[in-house]
Every structure is written in structure tokens, then in C-alpha cells.
Amino acid sequence: MAHEETDGYSPSQVEEKWQRLWEERGTNTHTRDELENAEDTFYNLMMFPYPSAEGLHVGNIYAFTGADVHGRYQRLTGKTVFEPIGFDAFGIHSENFALKQGVHPMDLIPSNVRNFTRQLRRVGGMFDWRHTVDTTDASYYKWTQWIFLQLFDAGLAERKEAPVNWCPSCMTVLANEQVIAGACERCETAVEQRRIAQWFFKITEYTQRLLENLEQIDWSDSTRKAQSNWIGRSEGAALRFPILGAEGNATDGTIDVFTTRPDTIFGATYMVLAPEHPLVDQVTDDGYAAPVFAYREEAARQDMVARKIEDKTKTGVFTGGHCLNPATGEAIPIWIADYVLMEYGTGAIMAVPGHDERDFEFATEFDLPIVRVVAGSDDDADTPLAEAYSGEGRLVNSGDFDGLPAKPDGLRAITSWLSEKGLGEPQVNYRLHDWCISRQRYWGPPIPVIYCETCGPVGVPEEDLPVVLPRVEDFKPDDSGISPLARVEEWYKTVCPQCGADARRETDVSDTFLDSGWYFLRYPSTDFDDRAFDHDITSRWLPVDTYIGGNEHAVLHLMYARFLTMVLHDLGKFDFEEPFTVFRAHGLITHDGAKMSKSKGNVVVPDPIIAEFGADTFRLYLMFLGPFEEGGDYREGGIQGPFGFLHRLWDTVQNASDDPADADVERKVHQTIKQVTEQIPDLGYNTSVAAMMECLNTIRAGGRTASRSEIEPLVVMVAPFAPHIAEELWERLGNTGSIFDGGHWPSFDEAKTVADTIKVAVQVNGKVRGTIEVAVGTPEADVVASARADENVARHVEDKTERRVIYVEGRLVNFVVS
RNA sequence: GCCGGGGUGGCGAAAUGGUAAACGCAGGGGACUUAAAAUCCCCCGGGCUUCGGCCCUUGUGGGUUCAAAUCCCACCCCCGGCACCA
């Protein structure tokens with residue numbers, strides 16, 4: 001049922017009319033010429049959606065509307081706003097869906113894109129449909145491949161065999177980021193370990209810059225913090241422990257470890273190697289070989305699965321070998337255990353059970369010695385440890401270093417002592433690892449590399465791009481670890497671009513995060529088919545002014561986009577190195593307290609709501625529901641508020657007079673303009689809407705008729721939230737052209753926001769006992785005098801001694817009595 | 001365990017040191033109407049009241065201040081993310 005004829009305001013009629021006019025007039029789109037010559041530009045970006053078969057849900061609309069309000073506001077202030085949208089349509093989501101439904105992704109994606117486009121138009125987003133992007137279109141992925149080649153030529157793409165996470169259900173390699181607690185993030189199947197030759201981008205060469213730049217960019221704190229944690233810088237030392245021979249004699253070999261606590265080296269009572277550590281063979285004594293190799297095999301099989309799950313009791317095996325603890329001069333046993341991970345540090349640790357929780361647990365399990373080397377304030381050297389102590393304290397049982405404060409001084413002293421002996425040096429370590437971009441899948445852009453027996457891997461020459469993804473009916477991955485494209489001989493057989501010999505194409509495709517890692521560079525340049533991005537247009541429009549998106553992409557997408565931008569900057573493609581000047585994370589819309597998901601059956605579909613109330617009401621409602629950066633729980637019913645508000649606004653404009661504005665009403669209008677103007681740029685949407693409602697209530701109080709000059713500013717302020725009705729009312733107020741053209745955002749006069757008189761609260765001992773009204777500018781003494789004269793105040797003050805009077809101008813008087 | 005965000009009426013929330021609960025939903029009463037919708041007005045945290053007011057109330061317990069939802073200390077609970085990172 002649609003609320004059509006109410007009061008003459010028909011949302012569907014108004015919205016159809018303006019969506020049609022926007023399209024006919026090109027209100028929201030820019031020509032190439034306009035982009036090339038625009039002044040006062042504002043690039044308003046939001047995260048482009050993955051076009052699922054289900055269509056947009058309320059969570060998507062929430063995010064896009066919040067970003068659209070921001071863009072429309074910027075435009076109303078007179079800026080030239082570029083607000084593009086596109087489709088992130090490659091990847092495992094589409095491929096899995098296609099496999100399940102038996103529809104080829106090449107057929108599925110276009111129909112999903114059409115549906116998304118329809119929905120996005122219907123909600124009234126200010127999207128530039130002339131500059132849209134679809135990552136699966138060869139005209140886009142041609143340039144994704146070109147980006148790969150830029151890194152390849154710069155030596156930043158490297159092919160190496162590496163242990164990778166293998167999902168036996170999805171039959172593909174997963175990035176570490178896609179592994180949640182040892183399981184595939186998509187299907188929750190336990191992940192195995194495999195070794196495959198793959199392409200990596202050397203993001204680790206940019207670690208320090210990615211970290212340092214975080215200080216300079218205006219991003220949500222939570223997002224910056226997440227990035228910084230992900231990079232995971234830790235300061236410590238690289239130490240070398242000499243390996244002892246069978247008779248306890250010194251050998252040439254050392255076990256290298258990374259530790260953040262070199263100050264605790266006197267407490268290192270054993271060593272642990274990761275099971276796959278290359279030195280395992282060398283240090284293992286013959287008598288221990290059988291259990292050691294059995295353990296190693298077991299670990300390899302279950303590797304990423306059980307290894308990263310907490311609360312698992314520690315397991316491990318003694319190798320029979322020993323190292324020298326260079327600090328104590330004692331021989332200490334070498335173990336292998338799966339709690340030490342090959343991919344972090346050196347894959348080996350010095351175990352200090354007294355002061356590391358994990359080592360303590362392991363030592364307790366296997367009866368290894370636990371030595372205290374740090375004493376807290378209440379302890380001495382001999383107090384036994386009931387658990388690992390990692391707090392502050394002074395060194396004990398540490399030879400000449402006893403008594404030094406453990407962390408700052410002892411750490412420095414011991415590190416330089418070891419350094420002088422040639423046994424170590426300070427080192428910084430990072431958690432971040434190189435970005436594996438190979439996917440043994442079908443639905444992605446082929447990696448543009450050709451393997452030649454004599455020339456090795458050769459990049460596809462730029463003039464041969466794109467390497468088109470062929471239509472393959474059987475694209476189901478199998479567990480051979482090889483991409484479905486490896487079954488298409490006529491596709492992969494080719495000749496070497498360098499020597500002309502028979503050669504073979506790379507049959508892996510690239511990670512979806514590569515598609516989405518540069519799309520914002522493409523948008524303004526989609527008019528060019530001979531370059532990824534035009535230099536002049538890029539310089540004019542980028543970096544992005546505001547990027548709004550979900551915090552679920554805080555680490556991966558945003559990190560990769562920053563990395564690619566830095567690389568392209570270093571290659572001289574443009575002169576900025578951070579792509580997003582401002583990033584704001586929007587909150588999450590939940591329903592019945594949980595994230596919307598198909599499996600939980602709590603997805604809210606926007607289309608019927610829009611059909612009933614209109615896009616304007618729906619947008620207003622979503623923005624009014626709570627703070628945009630915090631999100632909120634979707635609930636039915638509340639939509640009546642915004643719906644009624646738009647009806648009253650409509651009604652007020654229809655009946656508006658040409659009378660001069662009322663002074664009190666005008667003050668309210670100026671106060672509202674001030675408040676909304678201050679709050680909208682900070683995404684304070686819910687309070688802005690509340691202020692506008694309050695303003696309309698004042699304008700209509702007692703059923704009075706508004707004057708045009710009172711109501712017109714309100715129509716403009718509503719426009720970012722409810723653009724269709726705003727256009728219509730703007731026109732009905734006698735204006736021509738779009739409300740969004742010409743910078744019509746109202747300005748306020750500070751002087752007109754204040755009244756002649758103000759209300760002052762009167763407190764006695766901090767409790768409010770009355771309020772008085774005084775003229776603005778009344779001297780303090782007079783205000784205090786009238787406060788004292790208030791009947792109720794006088795009752796509380798009499799018979800008491802006045803100790804102090806606090807006066808806060810324009811706010812309150814507080815009598816302190818006793 | 002670590003990092004981030006929260007905890008305020010029946011509900012979504014507002015207030016970031018100065019009159020707690022703005023704005024809205026739901027609920028109750030009234031005006032207009034043949035009727036309904038829409039619109040407008042009034043009430044709406046709890047308790048007491050001689051109807052003037054008084055007392056209590058922002059997860060819990062302490063503290064700072066003339067004054068605390070807001071700042072400090074300790075703790076409890078909820079949501080999101082990361083997690084054997086040495």
C-alpha cells in the first residue's frame with residue numbers, strides 16, 4: 001500500500017519526476033571536458049559494492065546514503081562534486097554463487113549489475129553514471145593487469161614457492177587475512193598447508209612508510225589503530241645462539257632468534273624451532289630422529305588448522321641437540337614445537353619460561369627449568385614463580401646486570417653487551433607480510449605473465465593487454481592446486497614475447513583486492529581507453545577528499561590501496577602518496593541485534609519500504625536512526641517520524657506566504673542553519689535532522705502559516721537527506737534550475753542566533769532552585785541580585801551563611817551556603 | 001588475552017564540566033471531522049506532595065570539583081575486530 005494522495009505529497013510521483021530530470025539534464029554526471037576543467041573540486045568516494053544476486057540490503061543503503069549526504073552537502077556549498085559508483089564483481093563470492101546456481105558468472109554478473117543499478121538510482125544517489133566501473137569488464141581489468149606489470153617491472157612482484165593456506169572446500173589458496181582461527185573465512189572449513197609457486201607483491205618494503213604516514217592522514221582513529229596493529233611493529237633484538245656438537249663442543253652454526261626481551265636472556269633455559277625450520281635436520285640427534293620427524297609431519301598436515309587455535313595444550317619434541325646460552329655459558333636443549341611459527345621472526349625462539357606465558361606453559365608441560373631473572377617490587381631473586389611474570393622490575397640472577405631496571409636499562413645494556421661479543425644487534429620486526437596475489441581460480445583477471453623455457457617469466461607487453469579471460473563452461477576448481485584455466489590448452493599455449501619460442505601463460509588469476517586496490521584512480525579517467533588514468537585529471541581530482549566505508553576493510557583493502565598508491569607515486573605517475581585524505585568508517589546496521597546475513601535470515605530488503613514511503617523518507621529515517629559512525633539496530637515503526645516531517649514540510653511550503661519573517665522564528669532558523677552547517681561535515685546527521693524537525697515545529701507552532709523566507713533555508717538543508725522533495729519544493733517556491741546547482745546552502749548571521757533575553761539557572765549548593773530571565777548583557781551583580789530575589793531560592797538561602805557565589809555568564813548562578 | 005566502540009526513560013537517542021532525557025517512535029487524553037487519514041494542542045523516568053515544591057535517577061563502587069552522564073581510579077556487562085607475533 002502506498003501513501004500517495006496524502007496532502008498532495010506523492011513521494012513516488014516526485015521521485016520519478018526528479019530522477020528522470022536528473023538523468024535528462026545530466027545533473028549528476030560530468031563530461032570529460034567538465035572533469036578536465038573543474039574548479040573547486042571535491043572527490044566524494046564510497047566503497048563500491050560487490051553485486052550479489054540478492055541485491056542491496058539496508059546496510060548497503062545506509063552506507064551509500066551517508067556518503068551521498070556528504071557529497072550533496074559539499075555540492076550545495078558550491079563545490080564541483082564527483083561522486084562515482086561501480087561494481088567489484090570479480091572474486092570468489094560470485095564464482096561460488098555461480099557454481100551453486102549453475103549460472104555462468106559472465107551471465108550472472110551483468111544481470112546483478114543491472115539490478116544494483118536500478119536500486120541505486122531508486123534511492124536517489126548523486127552518482128556519476130558516465131564514470132562507472134565494473135572490475136570484470138576487460139576495459140577495466142586491462143589496466144589492473146597493467147598495474148601488475150608496473151610492479152613486475154619495478155621488481156616489486158616476485159614469484160616464490162611459499163607455504164600457503166589451502167582451503168580443501170573452496171579448493172584454493174587463501175591469504176592469511178582470509179583465515180580466521182585456522183578456518184576459511186567463507187566456508188569455515190579447516191585450512192591446510194601447501195607449498196605452491198605464487199606471485200607476491202613486496203608490500204613489506206613499504207612497511208615503515210605505511211606506518212609513519214598514518215600520523216598524517218585524517219582517518220577514523222579506530223581505522224588507523226587497526227592498520228597500525230596489523231603492521232605490528234615490534235622493537236627488540238636479533239640474537240645468535242651457538243649450536244653445540246654432540247660432545248658439547250662449539251660448532252660454526254648458530255640458531256638465530258628474534259626477541260623483544262633480550263634483557264631476559266639469562267632466563268633462556270631452552271630453545272624452540274618451528275617444526276618446518278631448516279635447521280631441524282642438522283640439530284636433531286640420531287637417537288631422536290624418529291619422533292622429531294613424526295612430529296614435523298603431523299604439524300605440516302594440520303598446520304594452520306590447530307596451530308592457531310588458543311587454549312590448546314602445548315606439544316613438542318626434544319631434538320637431542322643443544323645450544324650455548326652465551327649469557328650463562330650453559331648448554332640448553334633444543335626442542336621443536338608448533339607454537340613457534342615459521343612465518344614470524346626467524347622461526348626460532350629463545351624460551352624464557354619465567355617471563356613468557358607460552359614458554360612457561362611449555363616448560364611446565366615438559367618439566368624444563370624455570371628461572372626468575374626479573375623481580376617485581378615485592379619479590380626477590382628466590383621467590384618462586386607460579387606463573388610467567390612480564391611486569392616491571394629489576395634484573396636478578398643475571399650476572400653483572402643484577403639490579404638494573406629490566407626493560408629500559410637492562411635491555412639496552414644486555415643488547416650492547418651481546419653486540420660487542422658479536423652475538424646480536426637491535427632489530428625491528430613487523431607482523432605484516434608480503435601480499436600473495438595469486439588465486440587458483442577462474443573468476444578474476446589473468447595474471448599477465450608468460451613462462452618461457454629460455455627467458456623465464458616474461459611480462460605480457462602492454463600493447464597485448466588485456467589478456468582476456470576466456471569463457472569457460474567448466475570453471476569448477478579441482479584439488480590439483482591448479483587454476484581451471486590450466487585445462488584450456490588453446491588459451492594458455494602461446495609464444496614468448498621476447499624470443500618467440502613456444503611458451504605458456506600464467507593460469508592463475510589475481511586477488512580481488514588488486515581490482516579494488518586502484519578503482520578510485522580509474523573513475524575520473526574512464527573516458528580514456530589508452531591509459532589507466534590520465535595524468536592531468538588525476539592531478540586535478542586526487543587524492544580523494546572523503547572516503548566513507550565499512551571498518552571491515554580497515555586493514556586489507558585500505559592497506560593495499562595505500563600500498564599501490566605509494567608504488568605508483570614512486571614510479572612517477574602522480575605526486576601524492578596517500579590516496580584518501582579523509583577516511584571515515586560508518587557504523588554497522590544490525591537487525592534484531594545481529595549483523596544482517598542471509599544465513600541468519602534477518603536481512604531487511606529496502607525495495608518494499610521505498611515503495612511504501614519513498615526514497616526520501618527512507619534516507620531521512622536511516623540518517624536519523626542514530627550516529628552515522630556508530631550504526632544502530634534497524635527497527636520497523638520509527639519511519640513514521642521522518643515521513644510525517646516531510647509531509648508537514650510539503651504542507652508548509654504549499655501554504656507559505658510572502659509576509660516578512662517573524663523575529664523569533666527567524667532566530668530559530670538562524671540557530672538551525674548554524675547547527676546543521678557545523679554538524680553535517682562531521683557526519684552528525686541524526687542531530688542535524690533533529691534540529692531541522694525542531695525548526696519546522698517552531699515555524700508551524702500553533703498552526704501558524706510560514707513565510708517563504710522562513711521555510712526556504714529549511715528546504716535547502718533538507719536537500720542532502722531528501723533530494724527529490726527538496727528539488728520539487730525549491731521549484732514550487734519559484735526557483736528555476738536544480739537546487740544543487742549554484743551553491744544555495746544558506747548562511748547564518750551569528751547576531752541573529754541570539755535572543756534579547758536569556759534564561760539563567762539558579763542553583764543553591766549545586767541544586768537547581770529556580771530560573772530567571774535576564775536581558776543579554778546584564779552586569780553580573782544585577783543577575784546575582786535577581787537570582788537572590790527568586791522566592792524559592794531565597795527560601796533555601798535564608799538562615800544560612802553564604803560562602804561563595806559562582807556565576808557562569810549566560811548559564812547559571814550558584815550560591816554556595818552552609 | 002590484546003585493540004576498538006558502547007552501557008542514559010517502554011524503545012531509538014540528545015547533552016563531552018554548568019537546568020539530564022532535546023528530537024523522534026510507541027502509549028494516553030483532547031480539538032477538527034459524518035467517519036477515517038492527515039493536521040494541531042496537552043500528558044508521558046520513579047516516588048512523595050499541603051500542588052508551593054521536595055527526594056531519587058545516566059552499568060557498579062570510590063575520588064576530584066561550587067557543580068560530574070561528561071574528568072580520574074577500580075570493577076562488571078554487551079558489541080565488533082585481532083589473536084601461540086616471541
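None of the values given here were measured: they were computed from a predicted structure. Chain letters run A, B, ... following the sequence lines, proteins first and then strands; every chain starts at 1.
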List in chain and number order the residues that pass ring pair (Phe, Tyr, Trp, His ring centres under 6.0 Å) with [X], two or more places apart in sequence or in another chain; answer none if no residue qualifies.
{"X": "A:F624", "answer": "none"}
{"X": "A:H553", "answer": "A:H557"}
{"X": "A:F721", "answer": "A:Y685"}
{"X": "A:Y621", "answer": "A:Y634"}

Checklist entry - Looking at A:W335 versus A:F362, is the centre-to-centre ring distance below 6.0 Å? => result yes
Whole angstrom value for the distance that separates [atom2] of [N] from [atom1] of [X]:
{"X": "A:D651", "N": "B:A37", "atom1": "CG", "atom2": "C1'", "answer": "14 Å"}
{"X": "A:R233", "N": "B:A86", "atom1": "CZ", "atom2": "P", "answer": "13 Å"}
{"X": "A:D338", "N": "B:A83", "atom1": "CG", "atom2": "P", "answer": "17 Å"}
{"X": "A:R224", "N": "B:G81", "atom1": "CZ", "atom2": "P", "answer": "22 Å"}
{"X": "A:H586", "N": "B:G80", "atom1": "NE2", "atom2": "P", "answer": "15 Å"}
{"X": "A:D359", "N": "B:C85", "atom1": "CG", "atom2": "C1'", "answer": "13 Å"}
{"X": "A:F645", "N": "B:U39", "atom1": "CZ", "atom2": "P", "answer": "13 Å"}
{"X": "A:M693", "N": "B:A14", "atom1": "CE", "atom2": "C1'", "answer": "14 Å"}

Next on the checklist: What's A:E629 touching, base or sugar-phosphate or nothing? Going by heavy atoms closer than 4.0 Å.
Outcome noted: nothing
Checklist outcome for this item: Residues at least two apart in sequence or cross-chain that pass salt bridge (charged side-chain N to carboxylate O under 4.0 Å, His left out) with A:R704, listed by chain then number, are A:E710
Checklist entry - salt bridge (charged side-chain N to carboxylate O under 4.0 Å, His left out) with A:E694: which residues, sequence neighbours excluded? => result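 Expected list: A:K668.
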Checking contacts here: which listed nucleotide ([options]) is nearest the side-chain heavy atoms of [X]?
{"X": "A:I806", "options": "B:C66, B:A13, B:A86", "result": "B:C66"}
{"X": "A:R431", "options": "B:A22, B:C54, B:C82", "result": "B:C82"}
{"X": "A:K314", "options": "B:A13, B:C84, B:C82", "result": "B:C84"}
{"X": "A:T259", "options": "B:A86, B:G18, B:C54", "result": "B:A86"}
{"X": "A:F624", "options": "B:A26, B:U19, B:G24", "result": "B:G24"}
{"X": "A:W230", "options": "B:A83, B:A14, B:C66", "result": "B:A83"}

Next on the checklist: Judged by each residue's nearest nucleotide on RNA chain B, which is more toward the 5′ side, A:N429 or A:V768?
Outcome noted: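 Result: A:V768.
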Checklist entry - How do A:K759 and A:R358 order along RNA chain B: which one's closest nucleotide is nearer the 5' end? => result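 Nearest-nucleotide comparison on RNA chain B picks A:K759.
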Checklist entry - Which atom pair, heavy atoms only, marks the closest approach of A:G410 to A:D263? => result C-CB, 3.9 Å
Next on the checklist: I'd like the C1' distance from B:A67 over to B:U16, given in whole Å.
Outcome noted: 15 Å
Item to check | Pairwise C1' distance for B:C76 and B:A37, with rounding to whole Å | outcome: 50 Å
Extract from the structure each pairing of a protein N or O with an N or O of nucleotides 3-9 of chain B at less than 3.5 Å, listing the distance.
| residue | atom | partner | partner atom | Å |
| --- | --- | --- | --- | --- |
| B:C3 | O2' | A:N229 | ND2 | 3.3 |

Checklist entry - Heavy-atom distance under 4.5 Å between the side chains of A:L646 and A:W650, does that happen here? => result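 Heavy-atom side-chain distance check fails, nothing below 4.5 Å.
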Item to check | Side-chain touch A:T269/A:D359, heavy atoms, less than 4.5 angstrom | outcome: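 Result no, sub-4.5 Å side-chain heavy-atom pair not found.
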Next on the checklist: Defining pairs by Watson-Crick or G-U wobble geometry with both distances under 3.5 Å, how would you list the stems of RNA chain B with at least three pairs each?
Outcome noted: B:1-7 with B:76-82, B:10-12 with B:23-25, B:27-31 with B:39-43, B:45-48 with B:53-56, B:59-63 with B:71-75
Next on the checklist: Using a strict heavy-atom distance below 4.0 Å, which residues from residues 807-818 of chain A are in contact with RNA chain B?
Outcome noted: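 Correct list: A:V808, A:R811, A:L812, A:N814, A:V816.
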Next on the checklist: Regarding A:K674 and A:E678, does a basic nitrogen lie under 4.0 Å from an acidic carboxylate oxygen?
Outcome noted: yes
Next on the checklist: Quick test of your reading of the model: are A:D218 and A:R224 salt-bridged, counting only N-O distances below 4.0 Å?
Outcome noted: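 A salt bridge is absent here (no side-chain N lies under 4.0 Å from a carboxylate O).
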Checklist outcome for this item: When A:I772, A:V760, A:V762 are each screened for side chain to side chain contact (heavy atoms under 4.5 Å, CB included) with A:S786, the one that passes is A:I772
Distances under 3.5 Å between protein N/O atoms and the N/O atoms of nucleotides 41-43 of chain B, please, pair by pair.
none

Checklist outcome for this item: Applied to residues 757-771 of chain A, the salt bridge (charged side-chain N to carboxylate O under 4.0 Å, His left out) test, sequence neighbours excluded, yields none
Please list each protein N or O that sits under 3.5 Å from an N or O in nucleotides 55-57 of chain B, with the distance.
| residue | atom | partner | partner atom | Å |
| --- | --- | --- | --- | --- |
| B:C55 | OP1 | A:R769 | NH2 | 3.2 |
| B:C55 | OP2 | A:R769 | NH1 | 3.0 |
| B:C56 | OP2 | A:K767 | NZ | 3.4 |

Checklist entry - Can you tell me how far OG of A:S688 sits from CE of A:M623, rounded to the nearest 0.5 angstrom? => result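 One gets 11.5 Å once the value is rounded to the nearest 0.5 Å.
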Next on the checklist: Could you check whether A:S234 and A:N429, counting side-chain N and O atoms only, form a donor-acceptor pair closer than 3.5 Å?
Outcome noted: no
